[in-house]
Each structure stands twice: as C-alpha cells, then as structure tokens.
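Throughout, a chain's letter reflects where its sequence line sits, starting with A, and its residues are numbered from 1.
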Amino acid sequence: MSNDDDRYYVPHGSHWPIVGSAGLFFLMIGVSVWLNGGDTGFWVMLSGAAIIIFMLIGWFGEVIAESEGGRYNNQVDMSFRMGMFWFIFSEVMFFCAFFGALFYARNMSVPWLGGDSNNFFTNFIVWDGFESTWPTNGPGNIGGDFEAMGPFGLPLINTAILLTSSATVSVAHHALLHGQRALLKVSLAATFILGFIFVILQAEEYIEAYQHMNLTMSSGIYGSTFYMLTGFHGMHVTIGAIMLTVMWLRVMKGHFTPTKHFAFEATAWYWHFVDVVWVGLYVFVYWM
Amino acid sequence: MIRKIYMGVFALLGAANANADWTLNMPKGVTELSAETYEIHMVVFWWCVGIAVVVFGAMIYSIFAHRKSKGAVASNFSHSITAEIIWTVIPVVILLIMAVPSAELLIKLEDTRDPDLTVVVTGYQWKWHYRYQGEDVAFYSSLARASVAARRRGSGIDPETVENYLLEVDKPLVVPKGAKVRILLTSNDVVHSWWVPELAIKKDAVPGFINETWFSADVVGVYRGQCAELSGMDHGYMPIVVEVLEEDVYNEWLDRQKGSPNVAADGDVR
Amino acid sequence: MSTIVADDHDLHVDHSHDGPVKGWRRWVYATNHKDIGTMYLIFSLAMFFSGGLMALIIRTELFTPGLQFIDPAFFNQMTTMHALIMVFGAVMPAFVGLANWMIPLMIGAPDMALPRMNNWSFWILPVAFSILGSTLLMPGGAPASGWTMYPPLVLQTGDAFPFLIFSIHLMGLSSIMGAINVIVTIINMRAPDMTLLKMPMFVWTWLITAYLLLAVMPVLAGAVTMLLTDQFFGTSFFLAAGGGDPVMFQHIFWFFGHPEVYIMILPAFGVVSEIIPTFARKPLFGHDSMVYAASSIAFLSFIVWAHHMFTVGMPLTGQMFFMFATMLIAVPTGVKVFNWTATMWKGSMTFETPMLFSLGFLFLFTIGGFSGLMLAIVPADIQYHDSYFVVAHFHYVLVPGSIFGLMAAVYYWLPKWTGHYYNERQGQIHFWLSTIFVNMTFFPMHFLGLAGMPRRIPDYSTQFSDFNSVASIGAIGFGLSQLLFVYIVYQCAQKKGPKATTAVWDNPQGLEWTVPSPAPYHTFDTPPRITSSTAFS
Ligand code: HEA
Ligand code: HEA
Ligand code: CUA
Ligand SMILES: [Cu+2]
C-alpha cells in the first residue's frame, strides 16, 4: 500500500558508530596520558584521531552514497536539517560558556578584586593597590606585562574576510538554487579559500602576540579569555573550511540539485554560525 | 557494633526519646539573628506541613474512597479553569508571605557595618587561622590531640570515649559577649566554609577574595562547628570552636595572648 | 479531551524488513530504537548497581563514628564517583532508554529520526564510563572533589584529572546527540494527525528535557574545558591572582547543574502522568496546563542556579533575586502535583505495581520538593547548606523521585516490551520494601543536617551516630530490595509470566497499546491513522 517514496528510510545496522567510539576511546586516553606527561600518549592520541577521521570519511561516504542513490525522501531530509540546526544551537551554547566567563570577569571578578560591591576588604587586605581595569592579567600580574590585541590590523582584516566569505557562500547557495553551476563552483571555492586565509592570518596573529606582545594563554584572565574564545572559534573555522572544501569537491563531482542539497545547506548554516560568533568576538574581545 | 544495630532498630520503632543526645531540629542558637533564622525555618516548615496535610489528605482520601474495589465508577472530567487558577494563586500568596520576612532577615545578616571587633579568618588545608585586626594577636586553630589520636583507622580508641570527638580544637577563637564581631574570611588554598550553627553563620572562605559576615553572641559559652565546604582529604577534620567570654575575662585573655608568638597569615593568603 | 486511538486495520507490520540480525552485531551495529533502548536500560541498571555499591561503601563507613574500613581520601572518591555514576550513568541514560523505546511507539513513528547517531549516542557511554571508572586504579586515585568539581580543589586531583574532564566531555557528547535525536523524532516523525497538544505527556516532558539538555550540556563541557586549561595551559579563569575567580566556576557549573536536576525529574513527571490516568481510569486532568507547567519549570530552571551558592558571598541583590526565582518554581510544580491529585479524584483506582510506584513518587517527591522550598529561603539555607539536610532533600527528589519514576515506567511498559506480565505479587513486595527502606535511609538525614552534620565527611562526632546507623541499615535494605527488582525483570524477560494482551492494562490510552505485545521489531512502517475520540467513554 505504500511506495518507497513516502517511506521513512531506516538504515540497517551500521558499524561506523562503534568505530567512532573506539576512536574516541583512544583519542581521549591518549590526550590524557600525554597531558600527564606520558610520551606514549601522543601516539595513542594520533591513532585515535586517525580512527575518527577514518570513521568520518566512511560514515559520511555511506550517507552520501545513500543520498545520491535517492533513498532519502523529504522527511529524511527534514530530519537532517533539524538535526543540524539543533547541533548548531548546542555549539552556540558551548561558546556561551566562554562568553559568560568573559562577561563575568570583566563585570564581576575584576571589579571585585578592585574593591567593588561587597569587596572592600578583598582589595584592602589581599590585593592592596590593585585597580580594576580591562584588559588585565589580574592583581598577581600573571604572565608578566603584556600588550592587548587591538581591534585594527589583522583582526579587522579577518573580520572583512569572514564577512566576505559569508557573502560568497550565500552567492554559492543562490547559484545552486538557480542551477548556475559555474558560479557555484567559483564562489564556493572563494569561500573556503577565504576560510583558510582566515585561519592562516589568525595563526599569524597568535605568533605576533606570543613573540612581540607577550600576550600568551597565561596572561591572566585577559589572555585566558582571548585565547579560549579565539582559539575555539579558529578551530570551528578550520572545521567549517574543511566542510566547505568537501562540499566543493562534491559539487565538482556533480552532486546536489536545486531541490536536494542538504549537506551544502548545512555547511552554509555552519559557516554563518561561525561568522556570527566572530562578530560577537570582534565586538567583545577586540573592540570593547 | 551490635549496640548500634540495636539502637538502629530501636529508633525505627519510634522510641525517639530514648537517647538524650538526639536533636531533631535546628538549634535556636545564641544570637538575635540565629533566633530569627530559627523562626523563619519553623515558619516555612509549618507552611509546608500545612500544605502537605491538605494535599496528602486529598490524595489519601481519594486513594481510599475512589478505588475500584470499593465499586467506585470513574467520572470523566479532565479540566477546570477555576481549579487551575485557585491552585496557582494560593501558592503564590503563601510564597509571598514567606518571602517578606526572609528578605528582611537577609538584609540584617548582610549588614556588617560598625563592628566592635574584626577577625580575619583564613582557611588552610586543614586548619583555621585567626587574626584579630588591630591587635597583635594571631594563631592557628587545629583539631585537638585527643581527636587526632582517635580518628585514625585502627587507632583502637573508641570515639565515644573522646570528649567532643572531632569538635574540639587546640586553640579556640575567643570573643567577648555582646560585641558585634565581624568575620573576614579568606583561604590560603581551596574553598573552605566557616560554619557555627549556634551563631547561625556559614560563609565560604574563597582564595583571593574576602567574604564578610558577623555575629553578636548573647550567651557566654563554647560553640562548635565544622568546615562546610569540601576541601580535600581532611575536610572533616577542621572544626571551629568559638568561645564567648564576659568582656573583662576576654580582655584578660587578649592581654595574655599579646606576649605569645604570632603567626602572620597575611603574606600567604594569595 | 481528545485522545489518540489508532485504527486497527491501518496498523500493518511490514514484513519486507528483516527481523533482528543474529549475534553480537544486532547490538553493536544496532539502529533499531527498541534494541538501543534495551541497551540503554541495561547499561543504566549496571551503573545504578555500581553507583549503589559505592553508596553502600559510604554508608558502611558512616555506620558508626570513627574510621573503620576506608580512609578519608578514598571516602571522597566514593562520594564523587557515586554521584557522577548515578547522575550521568544511571538516571540520565535510563530516561534516554525509555525515550528510545517509547517515543516512536507513542507518536506512531517507524524509529528514531537518526538511527545511526542513536547507536553512537549509546556506544559513547561505555567508553566514557570505562575511562571514568579506570581512574579508581590510578596514582592519586579517582577524582575526589565531589561531583561539583569546584576549583581549586579539583585541580589537586592526581593523574585522574584529564580522564575526568574527557569522560565528562564524552557524556556530554552522548547526551547532546541523544537530545537532538529526541527533538527531531518528536517534531518530524509524528503520525500525521498527532498534533503537538495531542501528544502524550511523556513525549512532552521529554521534548522539554531534550531542549534543556541541548542548552546546558555544552555549558558543562565549556566549564570543564576551562578547568583543563587552568590545569595544563596556564590560564587563570578560576584564579584570583590572574583576575579570575574560583566562584566563576560555580556559576557556570550551576547554570548547567540546576537545569540538570530537572532533566532528571521531568521525564519522571511524564511517566507518572501516563500511569496515573491508566490506573485511575480517568483522563489526565489539565493536559494542557501540565504542558505549560513543565515549560515554566524548564524556563525558571535557567534563572535560579545561584541558589546553590548562597554562602559564597554574592551581593545582596543577587541573593534576593535567586531566592525569589527559586521559590517561584514551587508554583508550576504545585500545579503538576494538584493535577495528578485531581486525576485520581473520583477515579476508579486499582493499585498495580506501576501505580504504587507512581503514588510513592507523588508523596515522596513532594516531601523532597518541600525541603527544596525550605532550602530556597536564603537565611535558612545559610544553616542548611552543605549539611545532610541538603543530602536528604536531593535524595528525596532523586531516589523516590527519579528512580521510582523509572521503576514505575519499567513495570508499566515491561509487558509491552516482553509480551509477558511480571509477577504482580513480587512487584508489590518490591515496592513496599523500597518505600520503607528509602524513608529509613533518607528521612533521618534531615535531622542530621539540622543538628549540624556537614556533608562529605567520612567521620563524625558522636552525637550524630544513632541516625547515621539507621540510615546505613536503611541503605543496605534498600540495596537488597533492588536485587528483587532485577529478579522480577529477569523472570519477565525470560517470559515466565502470563502472556500480555495488546492493551496490557485496563483500557489504557495511547498508541503504544495498539501494537501487539511484545511490540514487533518494526512498528509503524506506515504511519497509523489517528482518530479523535472521547477518552474512557
Ligand atoms: C530531581 C532533582 C531535583 C529536584 C526536582 C529539585 C527541586 C528543587 N530544589 Fe533541589 N537539589 C537537587 C536536586 C533536585 N532539586 C540536588 C541534586 C541538589 C544538591 C546538589 C549538590 O549540592 O550536590 C539540590 C540542592 C538544592 C538547593 C541548594 C541547597 C544548598 O546546597 O544549600 C536548593 C536551594 O534552593 C534547592 C531547591 C529546590 C527547589 C525549590 C526545588 C523545587 O523544584 C521543588 C518544587 C516542589 C514543591 C515545592 C512540592 C510540590 C508543590 C506543591 C504541593 C505546591 C504548593 C507548595 C508551596 C507553595 C510550598 N535544591
Ligand atoms: C540519581 C542520583 C542518586 C541516587 C540514585 C543516589 C542513591 C543513593 N545515595 Fe546518593 N548522592 C547523589 C546522587 C544519588 N544518590 C549525589 C548527586 C550526591 C552528592 C555527591 C557529592 O557530594 O558530590 C550523593 C551523595 C550521597 C551521600 C553523601 C555522601 C557524602 O556527603 O559524603 C550518601 C550518604 O549516605 C548517599 C547515599 C545514597 C544511597 C544509600 C543511595 C541508594 O539509593 C542507592 C541504592 C542502590 C544500591 C544500594 C545498589 C543496588 C544493590 C546492590 C549493589 C547489591 C548489593 C547489595 C548488597 C549485597 C547489600 N549519596
Ligand atoms: Cu575545609 Cu572543608
Ligand atoms: Cu538547584
């Protein structure tokens, strides 16, 4: 009574998840041992990472094959979309923890150390003479004097780069919807290239900070929040750029149609998310 | 051991007053605010009991009256806006009644201005340090010897034979009766918490910050408490003892201290 | 009220799908929601026993004053591991297991929306808990800073430290994927006529729970990541000298931690909302207001976190705000309690085991709620905080709350899962033993706390000894009673009981009661048609 079109595709057993779990096991054990000073940990970590990469390629490969094989109806497509959307939401919440730490430090703990609110004695007895300012590495001058990262120069260029890439990925989407494959290829390529340029410039900025500004992860709370936020953001840009590259390769192989291109759209969403986080970063970390 | 099991079963049977040691409720304490805290505690408790009587009463009634074995036939109602409004509004009102005195008391508890005496209390793993501000008096306060000997596994000493087991220190904090004592709390290592139930004080000692609290004890005596924030292995072994003396006795005590060697804690609180 | 009934002739089991594959592959490669649900439930039972064993070690040491069996350092490890295992290993996965089994059946879906990810959500858990468990054998022992992991204490953890952090990351990953799956399944896979407000209460509470999970698990991941960098990479998030603050961790942790406790109770609310109507033979009172109440609880749970921190030295306004917000939660929770009472009112009640556990839940959770309300009152909480009064509070909401909810759910749906009834008599004995012992364990803790016994101590002053002995005896009794539970479930799974009918109970409402017992391996390959009818007519 039903044709395959309106039947939900329920995959049969899959071995990829358990491979992924094994990869996570070795990765986490490896990192932990390594952090504890055990050198073998490094190799265990690498093998775990390798297993995870293997799993990702295999798993996504299978899904792509199924998708291209026409096994997914609209409902499956919708499940994927919702899944991606809520995944991005969880990522937003992850960044919220670090933004929360930044706001807390700037508006609470640093002023408190300077004697604000009910902390007159904190300043008087423990940190006599500390004046609350931002940026700061705290009353203990942890990590030594440093120079804060200003909003101009590399960060500004990086902002321009990311905003442009956000535009190009929208152009690419538009082109895909209207069947303009050539434009799609060019603008998608532009997007991931801009993404990688961003990552390179960010690395440049870190080198500058470490070598010339004495701005390190241990530059007190400023250094902590700076590197935590920009670092996790940079990691997400890297992942996003890799995803875009994969999408580009798929486009080159002729995947995606104007009506069916979930993976492309998901990547675009992810890219916009990375972009929005950057704007928040630029405003609160570099600028204000 | 056997005695314990016996006692346990005994307690189960509800022979609650068989042992004079048992306390069931929060102590009323010896400060004005501890008495007020006790009041609030009881007020909220009795409100809860009252609500429980009504709610549980209704449940129990229907469990007995509306059971199938008694031939109850199910009716079919499933909503009533009136009922929903009633049981939203009444709790709100009850909560307001509880909230007002709580807020008032809270404001008093936080008012550390104009003390007669200020003591800087620093938490250490696992002892306390007291420094009398403006006086040349400072000392550590650690678990008393008798308890230290008895607490070890396989010590062979029955804790029941140690007076104030785990609640005695070598050198208590001494304060005058009736004085407003401001406590400034900080820590040298991890977070600790300074708790004396009968003074109705509990405040965390956070490394790098100073927290304030205060009390004013009206009754001469010895008041005991314990560290109340998990602070590592011996968190259970850093009791607090506060001795409240008549003012002249206190002054004598203070004079005697000034001769003894001081241990400054300021340098290492960071 | 309209409820959902499926037309029988539309229910058709598609035989083109295979049954389960044979051997270990069925479980390791599983994509079937029922298989994965079963694995979750078994895993969580194993974790419940491990965490319970640790609780028994704690209780044995606390039986009398003086140290008899273990050292203080190990005691703290037990407290920490007990809580982490119970919270992340027992209660949360058990509810995910129920969600896996029941949500597709209750909304007429063929499976969970993302079956392969479903498998991964589960198979991350054994990895996470073997990493966490392995820390018991490491130099310096397992983490011992309490499940709250406050710095700077947690930074004194030995080799176990990074393992602790990463195992929590993995648990978070698993929960996030599980939550995404639940949300997508509920939003996208409902049978055509299953409108949102027709959804069964269990599905509703799980939807809300899933949103809570998505919002707070990443925050926990962020918090422990900052611990990791403070320890190994020189950051100073929680170091005052660098401009940070140890209390900052507490804020971030409890921003996760408070919603977390509702994550552990909302699905239980859903379970009893299914069970009470069935055994009162009367529709759930105020279905829609139950939905609104659960949503309000979820919303409020985000703005009350600092009630765990009334002694850390917050500014006065902060304390006031968090006190009032916390007190407000009593209102929607009250609505739920009253609605359940109204559901029973003028019903025609019978008292099979699931109903007994639901009633136990109703009474004892409410007691735990009352002590929660007392804790919300700041001046009083200053006395209660970090004492056994708090331990009493949260065990009342967690053990006869969440765990009783789970027990009720298992008894209620077991016949649907296995196709056989459990032994009713034994079930009732299990209920009464559990109820007596759970009160014997946790009720005296109220007195201990009020009398001044701090939590997380391996040894105590002699005036606390009598109530502690009572609690310890109760705990052992409660633990032994759970062996009966395992026996009953095992017998039922071995198909020892009488065969269950399709409806199992006396005219229960909901789609899950329209499929045969045991539920076939694949259900609802084509969506069931849902007709509106008046319930219980
Ligand atoms: C399932 C888990 C669960 C649940 C549901 C709750 C529910 C509540 N909890 Fe609890 N809580 C915990 C788990 C839970 N808690 C845990 C694990 C801790 C300790 C963590 C740690 O430190 O390790 C804790 C600690 C804790 C504290 C901190 C104590 C301290 O450390 O000092 C506080 C303080 O406000 C609190 C309050 C509340 C309140 C107000 C509720 C409310 O939701 C309760 C609402 C319910 C009712 C009130 C009963 C029914 C209502 C009526 C019948 C209506 C009429 C009633 C009135 C008007 C009063 N809880
Ligand atoms: C869902 C969560 C959950 C659950 C179900 C439980 C269940 C139990 N808990 Fe726990 N508990 C917590 C969450 C939970 N707890 C948390 C969050 C803390 C705070 C930790 C912290 O401070 O950081 C805590 C802390 C805590 C303490 C305080 C420790 C301290 O402060 O030092 C105690 C003390 O009695 C305790 C006891 C118990 C007992 C007796 C049970 C019982 O209900 C357990 C019953 C189960 C069993 C006993 C297992 C089943 C049976 C067997 C193993 C068979 C073998 C048995 C025999 C042969 C007898 N718990
Ligand atoms: Cu110091 Cu606990
Ligand atoms: Cu809470």
Non-hydrogen atoms of chain B under 4.5 Å away: do they reach the side chain of C:Gln156, the backbone, both or neither?
side chain
Among the options C:Val337, C:Val335, C:Thr350, pick out the one with the most heavy-atom pairs lying under 4.5 Å from chain B.
C:Val335
Return yes if some donor-acceptor pair links the side-chain N/O of C:Ser461 with the main-chain N/O of B:Tyr165 below 3.5 Å, else return no.
yes
Side chain, backbone, both or neither: which part of C:Asn339 has an atom under 4.5 Å from a heavy atom of chain B?
both
Does anything in residues 314-323 of chain C pair up under side chain to side chain donor-acceptor pair (under 3.5 Å), and if so which pairs, sequence neighbours excluded?
B:Glu110-C:Gln319
Go through B:Lys68 and C:Arg281 one step at a time and tell me if the side chain to side chain contact (heavy atoms under 4.5 Å, CB included) criterion holds.
CA-CA 9 Å; B:Lys68 197 178 180 194; C:Arg281 293 169 181 73; 4.0 Å; yes
Checking heavy atoms, do the side chain of C:Met344, its backbone, both or neither come under 4.5 Å from chain B?
both
So does C:Ser289 get a backbone contact from the side chain of B:Glu84, meaning a donor-acceptor N/O pair under 3.5 Å?
no
Proximity breakdown for C:Ile377 and chain B, heavy-atom pairs closer than 4.5 Å:
side chain
Can you tell me if C:Ser348 uses its side chain to pair, donor with acceptor, with the backbone of B:Ala72 under 3.5 Å?
yes
Do B:Arg153 and C:Asp71 sit within salt-bridge range, that is, some charged N less than 4.0 Å from a carboxylate O?
yes
Is the ring pair B:Tyr61/C:Trp345 parallel, tilted or perpendicular, if the boundaries are 30 and 60 degrees?
tilted
Most heavy-atom pairs under 4.5 Å with chain B, out of C:Ala293, C:Ala380, C:Gly286, belong to C:Gly286
Could you tell me which non-hydrogen atom of C:Val378 sits nearest to which non-hydrogen atom of B:Leu106, and how far apart they are?
CG1-CD1, 3.6 Å
So, B:Trp47 versus C:Phe370, ring centres under 6.0 angstrom or not?
no
Of the listed C:Phe324, C:Phe75, C:Phe351, the one with the largest count of heavy-atom pairs under 4.5 Å with chain B is C:Phe351
Can a salt bridge be assigned to the pair C:Asp381 and B:Lys202 using a cut-off of 4.0 Å between side-chain N and carboxylate O?
no
Heavy-atom check, side chain of C:Tyr150 versus side chain of B:Val191, under 4.5 Å:
no
Check for a donor-acceptor pair, side chain of B:Asn76 on one end and backbone N or O of C:Pro283 on the other, with a separation under 3.5 Å.
no
Checking heavy atoms, do the side chain of C:Ala73, its backbone, both or neither come under 4.5 Å from chain B?
both
Taking B:Asn211 for its side chain and C:Val312 for its backbone only, find out whether a donor-acceptor pair lies under 3.5 Å.
yes
Do the rings of B:Phe77 and C:Phe285 sit parallel, tilted or perpendicular, given the 30° and 60° boundaries?
perpendicular
Fit a plane to each ring of B:His41 and C:Tyr384, take the angle between them on a 0 to 90° scale, and name the class: parallel (under 30°), tilted (30 to 60°) or perpendicular (over 60°).
perpendicular
